[in-house]
Amino acid sequence: MTSQTNRTQLQKDDCQYVWHPFTQMQEWERHAPLIIRRGKGSYVYDMEGNAYLDATASIWVNVHGHRHPRIDQAIRYQLTQVAHTTLLGVSNPPAIQLAKALIQLAPKGLRKVFYSDNGSTAVEVAAKMAIQYWKQCPAPQPRKTRFIHLGLAYHGDTVGGMSLSGVELFRRPFSSLLFPSHGIEPPYCYRCALRLRFPECDLACLAPLEKLLQAKHREIAGLILEPMVQAVAGIIPSPPGYLKRVRDLCTRYNVLFIADEVATGFGRTGRMFACEHEDISPDIMAIAKGLTGGYLPLAATLTTTAIYEAFLGEVHEEKTFFHGHSYAGNPLGCAAALANLTIFKTERTLTKLQKRIPQFRTFLKSLADDPWVGDIRQCGYMVGIELVQDKNQKNPFPASDRIGQKIAMTARTLGLLIRPIGTIMILMPPLSATMKELNQMVAILKLSISVVRASHESSSK
Ligand SMILES: *Cc1c(COP(=O)(O)O)cnc(C)c1O
């Protein structure tokens, strides 16, 4: 078979058999799907060998580039030992070594690692841990069963994850399944609900949170948030000081602070974990996406000794944490994750980022004079570019215009993979992306926006 007939057959079979996540399949079936056969560094290649810069980092998971020799090697070595054994009743070397390595890196106070397979389950575990903790802690408070989350947050698509998320579009069909949670107004400085400006606002947006905690803290088990950046919401950074103030409020009102570092962890924001930016420690921390460097599904929920110890007792006391997945602590995934962490050291990834992040920022500035670019938001290697019809009015494009999608499709023809969230263009390059590659990503995006604008303007005349 030539690669073209091979490609055509695969495209046909994809449309016939595969149901893609978060995808309107009717629209999907109208276009021949792009099939990625291989990847290397910041690039992925389709069936014919055409190269695309991967500005999605394979949906935010890739860290050191595709096919990094050290991670490839670690997985190959682990395959000579065993691919999978369970953590129920037995243990395995990579799972042990990784737990130790994670605790050494994690914000202080986090002492125990509970494994699962993806970000949603890591959050689910965090929620269940918090609830059970309050029933079993030294001064039990069984009424503490509710959570607080930010109104635009995304914490996963399992029932617990959805219940704690604020993206209405994803929740609506399932409202009958969801448990109630307090959604609070998120900090979104570009569209501040209070119409204030930082720093003069003095974080006035936190007043309702304090009020809520004052009134309800006896029934609140925990507060969950994505530290520093609400990612799926459209890369919305919280203003400086916000994270620390929320942490302090949780401490003051005896509410567990749960950090969802699924998107922000593993160097994404320029620090190993985003909590480090404001020097805070959560009581529970969920990690996933970048944990294996983007190789294998693995996640973990980290917590403190105090929480862990509340689960200790004789078996008949029924304090056990009854939760666990078949592939928890999978040795291949843990081996990949260990190699991922090693590369941070051997390649001095975080040190290099400190120089690259401001350079990336200067590339992004070239987008500022585009008439559609309303806001450029960057936290490390997380970038959201919010497009608007008019910069002064900040009015968004109607969803039916499919502007973000059109720009992404144009970018694809120019060799860039980008996945927008509505009309917010997202750049999530691997941390290994070179200056040249970052520059190229921004240049292709800039061109794609202007191409789509030209055709939009000519069609609306
Ligand atoms: C992606 C994401 C999740 C869900 O992770 P999955 O691995 O997709 O289940 C949870 N929280 C945040 C902040 C995320 O970005």
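Atom set for the values below is all heavy atoms of this structure, side chains included, hydrogens, waters and symmetry mates excluded. We count ligands from 1, going down the list as the structure has it; atoms in each ligand are counted the same way.
Shortest contact from atom 11 (N) of ligand 1 to any protein heavy atom: D260 OD2, 2.6 Å. Annotation: atom 14 (C) of ligand 1 to nearest protein heavy atom, K289 NZ, 2.9 Å. For atom 9 (O) of ligand 1, the closest non-hydrogen atom on the protein side is S120 OG, 2.6 Å.
With contacts defined as side-chain heavy-atom distances shorter than 4.5 Å, the pair K112/L302 does not qualify. Looking only at side-chain heavy atoms (C-beta outward), K128 and F322 stay at 4.5 Å or farther from each other. Looking at D260 and L164, their side chains never come closer than 4.5 Å, going by heavy atoms from C-beta outward. The side-chain heavy atoms of Y133 and L256, taken from C-beta on, include a pair separated by under 4.5 Å.
You'll find the ring centres of Y327 and H325 outside the 6.0 Å limit. Checked against the 6.0 Å centroid threshold, H182 and F147 do not count as a close aromatic pair.
For ligand 1, the polar-atom distance check against N118 finds a nitrogen or oxygen pair separated by under 3.5 Å. Residue-to-ligand polar distances keep E226 apart from ligand 1: every N/O pair is separated by 3.5 Å or more. For a threshold of 3.5 Å applied to N or O pairs, the pair formed by W60 and ligand 1 contains no separation below that value. In terms of polar-atom proximity, defined here as any N/O pair under 3.5 Å, G119 does make such a contact with ligand 1.
Close approach of ligand 1 to H155 is summarised as follows: ligand atoms under 4.0 Å from at least one heavy atom of the residue are 10 (C), 11 (N). Using a 4.0 Å cut-off to heavy atoms of G156, the atoms of ligand 1 that qualify are 4 (C), 10 (C).
Ion pairing between R67 and D72 holds under the 4.0 Å rule for side-chain N and carboxylate O.
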